[in-house]
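Each chain gets a letter, A, B and so on, in the order the sequences are listed, and its residues count up from 1. Keep in mind that what you see is a predicted model, and the values were worked out from it rather than measured.
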Amino acid sequence: MIVTRFAPSPTGYLHVGGARTALFNWLIARHSGGKFILRIEDTDTKRNTPTAAQQVMDDLRWLGIDWDEGPQIGGENGPYYQSQRLEIYKTYIDKLISEGKAYYCFDTSEQLAQARKKAEAEKQNFVYRRPEVLPTESDVKKAISDGKSVTIRFAIPQDAPIIVEDIIRGTVTFDPAQLSDFIICKSDGFPTYHFAVVVDDELMAVTHVCRGQEHLMNTPCHQALQKALGFRIPAYAHMSVTVSDTGGKLSKRERPKVLKTAIKAKNEIDLQKLANAGGISIDELNQFLKGKIVPDMPAIDAMADFIEVKLPEINVVDFRKSGYLPETMVNFLAMLGWNPGGEKEIMTTTELIECFDPNRLTKSNSLFDRKKLISFNTEHIKTVSKEKLLIHFKDYLNVIGSAVSAADDELLSRLLRINEGARTLEQIEQKCRFIFFENDNVEYDLKAVKKVLLKADGLDMLEIVGQRLTAIEELSEKNIENMLRNLAEEKQVGLGKVAQPLRVAICGNTVSPPIFDSVSILGKDNTLKRVEFTLKKFREQTG
RNA sequence: GGCCCCAUCGUCUAGGUAGGCCUAGGACACCGGGUUUUCAACCCGGCAACAGGGGUUCGAAUCCCCUUGGGGCUACCA
């Protein structure tokens with residue numbers, strides 16, 4: 001049976017790159033009817049955040065990536081938090097020590113830094129090699145009592161080249177002389193990633209490891225360890241990296257970077273208010289602007305909202321908040337560095353599972369193209385079932401805290417129907433907000449008002465439209481349409497000339513769902529009140 | 001610096017493992033036109049690539065070498 005896993009370290013939100021890794025592993029497992037495991041690699045006590053694991057799992061669930069073993073559901077190979085597996089690692093480390101395959105070290109970080117500097121000066125790669133005489137038990141006891149920090153390193157066998165058979169890259173050969181005796185146990189007693197990953201993949205019977213290309217250089221180290229421990233060597237696939245269309249690696253640092261530039265570009269900005277909005281001190285804000293510190297994501301998001309800047313989406317949750325469908329994300333991420341071979345690229349998750357084949361993974365890096373993502377989203381909004389779309393829309397409204405969430409399912413479904421062709425859920429929400437405005441508190445877009453109402457005879461036309469509307473008994477779409485079309489014909493103008501003033505009057509904007517639906521949804525009372533209010537407000541202004 | 005990976009339209013890619021079917025296909029973006037009550041959506045058309053240089057071969061996008069360019073790693077992070 002094929003067993004894959006996704007092993008995030010809980011340091012923050014799930015990043016799209018991480019989601020892609022999870023997805024490929026999940027697809028490999030689901031395609032073959034195998035097993036997909038979720039494991040939390042929390043061996044770095046300094047960088048872990050308490051809520052991150054939960055957030056990562058929420059994001060995976062949103063994407064529809066479920067796991068057969070792992071946190072929240074358990075399994076026969078638990079626990080699934082590495083911090084709860086310390087005794088297991090210790091057993092294997094002791095074994096390596098007793099067999100002379102690993103050894104204690106007492107180097108200080110200063111000593112190591114110096115050695116690296118020396119290597120650099122000699123234009124050499126820094127390689128840590130075991131000393132001639134290995135420390136004894138009593139050396140260790142003495143070091144501990146002296147308060148020295150003690151680490152354990154694995155002695156990389158130097159006898160033969162290490163050959164990695166990679167599904168994507170083919171055969172890659174490494175010279176062990178280039179490989180350091182890496183640390184397997186840190187001075188705080190926690191294993192390093194390199195050690196924990198090898199032990200857990202063996203114990204959890206993982207057969208296929210699909211991970212980022214950045215791990216390719218680690219693989220010979222892992223294989224040497226597997227050999228020393230008598231473990232199997234799983235199949236490896238080192239995927240290409242996803243790079244950003246804003247330049248450089250697609251990284252979580254992008255959002256703060258964009259925000260910083262945006263703040264600096266706005267000269268008239270109240271820094272104190274901005275800091276308040278982000279829930280940070282003015283001091284922290286200044287430090288941030290100087291590039292000294294980076295506030296946490298909620299603060300970054302809040303400040304971006306405050307100055308009305310749209311930050312590039314990086315984390316899965318960012319895309320969720322921008323109105324993308326999980327189906328879109330799964331489809332798009334799958335097509336980054338993989339394709340089914342034909343000309344089809346819009347695919348459902350089920351279709352993806354059916355034809356997924358890791359042998360078709362691409363070797364070269366790919367750029368994350370947001371324009372293409374939007375077009376995928378447009379396609380998926382068009383093709384998902386009405387029921388699913390409604391669920392996604394409700395989730396979206398909920399996640400962003402929209403006033404539109406006050407609508408019932410029937411209205412929501414209607415809003416989705418009349419917004420056919422929308423590119424994102426965000427777009428739909430923005431076009432429908434007007435329904436929930438107070439009649440005397442419509443948010444007018446000044447450009448729209450100027451162009452449609454104040455120019456030509458916009459207000460006069462609106463007045464006539466208002467009168468005709470009053471005269472209609474029942475504001476059905478059909479009645480509204482007939483009235484507007486007749487009026488346009490009567491006045492010898494296009495429909496736009498009569499419809500646009502009405503549109504701006506009821507939603508403050510030139511962009512809304514089709515006007516007949518918009519009016520009928522608003523209802524006669526609200527519509528007439530808004531028309532009246534608009535006439536009054538802008539008649540006064542123009543004198 | 002060292003080690004490793006990669007290289008087809010602006011972007012994602014098909015084709016490369018069995019060299020001729022490739023005057024290199026699709027999608028997104030872009031440009032032009034159409035449709036239209038706004039924004040979208042939709043329809044039609046167009047632009048656009050085998051990084052460079054050497055080989056091998058009757059024949060190379062496809063195989064080999066070099067150059068150049070990009071990326072990764074080089075932590076008591078994962």
Inset, instruction - Would you please confirm or rule out a distance under 4.0 Å between OP1 or OP2 of U13(B) and any side-chain N or O of Ser366(A)? - result: yes
Legend entry - Ion pair Asp44(A)/Arg47(A), N-O distance below 4.0 Å: yes
Inset, instruction - Kindly determine whether Phe182(A) and His222(A) satisfy ring pair (Phe, Tyr, Trp, His ring centres under 6.0 Å), including the steps that lead there. - result: CA-CA 10 Å; Phe182(A) 55 97; His222(A) 297 176; 7.2 Å; no
Legend entry - Out of G26(B), G71(B), C3(B), whichever nucleotide has its closest atom nearest the side chain of Asn365(A): G71(B)
Inset, instruction - Taking atom C1' in both C12(B) and C4(B), compute the distance separating them and give it to the nearest angstrom. - result: 25 Å
Inset, instruction - Rounded off to whole Å, could you give me the CG-to-P distance for the Asn339(A) and G16(B) pair? - result: 12 Å
Legend entry - Listed nucleotide nearest any side-chain atom of Glu343(A), set C3(B), G26(B), C39(B): G26(B)
Legend entry - Any strand: nucleotide that pairs with G16(B) via Watson-Crick or wobble, under 3.5 Å: none
Inset, instruction - For nucleotides G52(B) and A7(B), find the distance between their P atoms and express it as a whole number of Å. - result: 15 Å
Inset, instruction - Could you tell me the separation between the CG atom of Leu361(A) and the P atom of C5(B), rounded to a whole number of Å? - result: 17 Å
Inset, instruction - Pick base, sugar-phosphate or nothing for Ser364(A), based on heavy-atom distances below 4.0 Å to the nucleic acid. - result: sugar-phosphate
Legend entry - Pairing partner of C3(B) (Watson-Crick or G-U wobble, both distances under 3.5 Å): G72(B)
Inset, instruction - Respond yes when some side-chain nitrogen or oxygen of Lys382(A) is under 4.0 Å from OP1 or OP2 of C42(B), and no when none is. - result: yes
Inset, instruction - Kindly say if Arg417(A) contacts the phosphate of A41(B), meaning a side-chain N or O under 4.0 Å from OP1 or OP2. - result: no
Inset, instruction - Scan Phe516(A) against the nucleic acid and name what it touches under 4.0 Å (heavy atoms): base, sugar-phosphate only, or nothing. - result: base
Inset, instruction - Choose from A27(B), C6(B), U38(B) the nucleotide whose nearest atom is closest to any side-chain atom of Glu345(A). - result: A27(B)
Inset, instruction - Sticking with atom P, work out how far U23(B) lies from G16(B), rounded to a whole angstrom. - result: 15 Å
Legend entry - Note: Glu313(A)-Lys310(A) ion pair, threshold 4.0 Å (strictly below): yes
Inset, instruction - Could you tell me whether Gly170(A) contacts a base, only the sugar-phosphate backbone, or nothing, with contacts defined as non-hydrogen atoms closer than 4.0 Å? - result: nothing
Inset, instruction - Select base, sugar-phosphate, or nothing to describe what Ile515(A) touches, counting heavy atoms under 4.0 Å on all strands. - result: base
Inset, instruction - Could you give the distance separating A24(B) and A41(B) at their C1' atoms, to the nearest angstrom? - result: 32 Å
Inset, instruction - Looking at every strand, decide which applies to Arg211(A) at a 4.0 Å heavy-atom threshold: base, sugar-phosphate, or nothing. - result: nothing
Legend entry - Integer angstrom distance from the C1' of A49(B) to that of G32(B): 22 Å
Legend entry - Nucleotide nearest Arg485(A) (side chain, heavy atoms from C-beta), chosen from C6(B), U37(B), C4(B): U37(B)
Inset, instruction - Please measure how far the C1' atom in A14(B) lies from the corresponding atom in G26(B), and state the result in whole Å. - result: 7 Å
Inset, instruction - Please confirm whether Trp67(A) and Phe6(A) have ring centers closer than 6.0 angstrom. - result: no
Legend entry - Pairing partner of U23(B) (Watson-Crick or G-U wobble, both distances under 3.5 Å): none
Inset, instruction - Indicate whether OP1 or OP2 belonging to C4(B) is found under 4.0 Å from a side-chain N or O atom of Arg169(A). - result: no
Inset, instruction - Starting from the 5' end of RNA chain B, give me the residue, Thr362(A) or Gly496(A), whose nearest nucleotide shows up first. - result: Thr362(A)
Legend entry - Length of the line joining Phe376(A):CZ and U13(B):P, which is rounded to integer Å: 11 Å
Legend entry - Nucleotide C39(B), atom P - distance to CG of Asp445(A) in whole Å: 13 Å
Inset, instruction - Can you tell me the distance, in whole Å, between the CZ atom of Arg20(A) and the C1' atom of C12(B)? - result: 12 Å
Legend entry - Side-chain touch Leu502(A)/Leu469(A), heavy atoms, less than 4.5 angstrom: yes
Legend entry - Euclidean distance, atom CD of residue Gln427(A) to atom P of A41(B) [Å, nearest integer]: 8 Å
Legend entry - Distance-only polar pair, side chains of Ser83(A) and Asp42(A), donor-acceptor under 3.5 Å: yes
Inset, instruction - Under a 3.5 Å limit for both distances, which nucleotide forms a Watson-Crick or G-U wobble pair with C30(B), could you say? - result: G46(B)
Legend entry - Under-3.5 Å donor-acceptor pair between Lys363(A) side chain and A7(B) base: no
Inset, instruction - Report the residue from Leu112(A), Thr151(A), Ile152(A) that forms a side-chain contact (heavy atoms from CB on, under 4.5 Å) with Cys105(A). - result: Thr151(A)
Legend entry - Residues Arg433(A) and Glu429(A) bridged, charged N to O under 4.0 Å: yes
Inset, instruction - Apply side-chain hydrogen bond (donor to acceptor under 3.5 Å, both in side chains) to Arg503(A) and Ser512(A), showing your working. - result: CA-CA 7 Å; Arg503(A) 195 189 304 279; Ser512(A) 86; 2.7 Å; yes
Inset, instruction - Using heavy atoms to find the nearest nucleotide of RNA chain B for Ser240(A) and Leu373(A) separately, return the residue whose nucleotide is more 5′. - result: Ser240(A)
Inset, instruction - Using the P atoms only, state how far A61(B) lies from G46(B), rounded to an integer number of Å. - result: 25 Å
Inset, instruction - Identify whether any heavy atom of Leu336(A) sits under 4.0 Å from a base atom; if not, whether one sits that close to sugar-phosphate; answer base, sugar-phosphate or nothing. - result: sugar-phosphate
Inset, instruction - Using a 4.0 Å heavy-atom cut-off across all strands, classify Gly494(A) as base, sugar-phosphate, or nothing. - result: nothing
Legend entry - A41(B) - base-pair partner by Watson-Crick or wobble geometry, distances under 3.5 Å: none
Inset, instruction - Please state how far atom CD in Glu120(A) lies from atom P in G1(B), giving the value in whole angstrom units. - result: 11 Å
Inset, instruction - Indicate for each nucleotide in nucleotides 72-78 of chain B, in 5' to 3' sequence, whether protein heavy atoms under 4.0 Å reach the base (B), only the sugar-phosphate (S), or nothing (-). - result: BSBSBBB
Legend entry - Pairwise C1' distance for G53(B) and C43(B), with rounding to whole Å: 47 Å
Legend entry - Sidechain N-carboxylate O distance under 4.0 Å for Arg414(A), Glu477(A): yes
Legend entry - Contact summary for Thr43(A) and Asn48(A), nearest pair of heavy atoms: N-ND2, 4.3 Å
Inset, instruction - When you get a sec, tell me which of A7(B), U11(B), C5(B) is the closest nucleotide to the side chain of Leu367(A)? - result: U11(B)
Legend entry - Leu484(A) CG - U38(B) P separation (whole Å): 13 Å
